[in-house]
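What's counted below: heavy atoms across the whole structure, side chains too, no hydrogens, waters or symmetry copies. Quick caveat: nothing in here was measured; it's all calculated off a predicted structure. The chain is numbered in sequence order, starting from 1. Start at 1 and go down the list; that is how both ligands and their atoms are numbered.
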Amino acid sequence: MKVGDQTLSCPSLAEIVRAIGWPTSPSEPEYDLAIYGAGPAGLSAAVYGASEGLRTVLVERYAIGGQAGSTSRIENYLGFPEGISGSELASRARDQALRLGAEILLAAECVTGEVGTNTFIGLLDSGKAVTSRAIICATGVEYVRLNLANEDRLLGRGFYYGAGSSEANLCTGHVFVVGGGNSAGQTALNLASRVRKVTMLVRGDSLKHTLSQYLIDHIRHTPNIEVRTQSALTAIDGKDNLEAIRTSNLSTGEETETKTGWVFVCAGGRPQMEWTDSDNLARDSAGYLLTGQDLFRGIQPNQWPLDRDPYPMETSTPGVFAAGDIRSNSVKRCATAVGEGAAAVASVHRYLSSIQDRHVPRSKT
Ligand SMILES: Cc1cc2nc3c(=O)[nH]c(=O)nc-3n(C[C@H](O)[C@H](O)[C@H](O)COP(=O)(O)OP(=O)(O)OC[C@H]3O[C@@H](n4cnc5c(N)ncnc54)[C@H](O)[C@@H]3O)c2cc1C
């Protein structure tokens, strides 16, 4: 592979990033703010942090954009009436963050975090360390992907990962929900009040091991929800939008084709939190970070170490904030992730003012 004037053989992502001259290691000994994860929440935090005078570094393990970066068209982002591709939105945000003075490290995975006295250290997979006075965790969620043929083309065009809270209003006719967990159950109930029929495709032979009893009861009493157990989605098809799917009965092998324009895959998401010390950050039962007043759903008020209340978006470790999909109860949309990134920076300012040795704002060139 030729990158600039170098020829690389089977290069790793880090080798490609270095070959194009993009930084993978921090240039400063300390930053006011380190943001982990360059999805919409992290990019927004970088734009606001840098534009408001904080020495800001944004650390991303893969490429800019996060989940949004892999989306062919985001139709519901304010200001883009024709929609915008996730990669274009991400590259515009990257350019904006850089222009405003943020440093961006790519192919730099944070593998562990350490808490010092008013400082935080993120250790990268390269062995380098990022030291900062405050942190925003914006490491998002990774959804279980089905990896079906046509998936990339039809994603966001009738085929969705997640609960589809903003698409639900548009759905009509017969809608399919893949999964048998609580998020699938809630999605099915939400959709059932708006559409003719909802079919849940569940791999197991019942919902009782995967779904809360109250949701099972609600589903039972909702006549337009059909639960198809031992069933899997095996194919999706359509020209510009989803038009038809194929499902398989896992016990008989029988395949069924159905016309539908709507499938929501709720097969589970995993918050990307392996790099943090779980003992220091309170989470909800699904592993998402508790922040602000929500903290007291996970810790006793006397476990919060300060006299003041936690700031909005602040985790159970003062000075560590969370924004976007990683946060408990987040809406899981680009616009909300962007809003949370900005809101987290506002809380970072309050936090930095509250600790003794206030930073000196960087002078702008
Ligand atoms: C297929 C798909 C389509 C979607 N379509 C829409 C849509 O049309 N409209 C809409 O509003 N929303 C859509 N969403 C949801 C939206 O993309 C997410 O809500 C949004 O991206 C969340 O942003 P985030 O910044 O919180 O996290 P993410 O986008 O998940 O970004 C997190 C980033 O953190 C990085 N990271 C994780 N761990 C580490 C680590 N240890 N060190 C460094 N970096 C790390 C990841 O690589 C990733 O880049 C879609 C999601 C998917 C999956």
Heavy-atom proximity to atom 11 (O) of ligand 1, picking from Gly341, Cys334, Ala335, points to Cys334
Taking Ser132 for the side chain and Ala134 for the main chain, is one N or O donor matched with an acceptor at less than 3.5 Å?
yes
Please classify the Thr336 to ligand 1 contact at 4.0 Å (heavy-atom distances, strictly less than): side chain, backbone, both or neither.
neither
For ligand 1, the portion of Ala108 having any non-hydrogen atom under 4.0 Å away
backbone
Please could you name the atoms of ligand 1 that Lys332 approaches to less than 4.0 Å, counting only its heavy atoms?
15 (C), 19 (O)
Applying a heavy-atom cut-off of 4.0 Å, say which part of Trp275 lies close to ligand 1: side chain, backbone, both or neither.
side chain
Could you tell me whether Leu155 approaches ligand 1 through its side chain, its backbone, both or neither, with non-hydrogen atoms closer than 4.0 Å?
side chain
Basic-acidic side-chain contact under 4.0 Å: Arg61, Glu274:
no
With a heavy-atom distance limit of 4.0 Å, tell me whether Ile64 approaches ligand 1 through its side chain, its backbone, both, or neither.
neither
Under the side-chain hydrogen bond (donor to acceptor under 3.5 Å, both in side chains) rule, collect the residues that match up with Ser347, sequence neighbours excluded.
none
With sequence neighbours left out, the residues meeting side-chain hydrogen bond (donor to acceptor under 3.5 Å, both in side chains) with Ser27 are Glu103
Heavy-atom gap Ser44 to ligand 1 smaller than 4.0 Å
no
Cationic N near anionic O, under 4.0 Å, Arg55 to Glu28
no
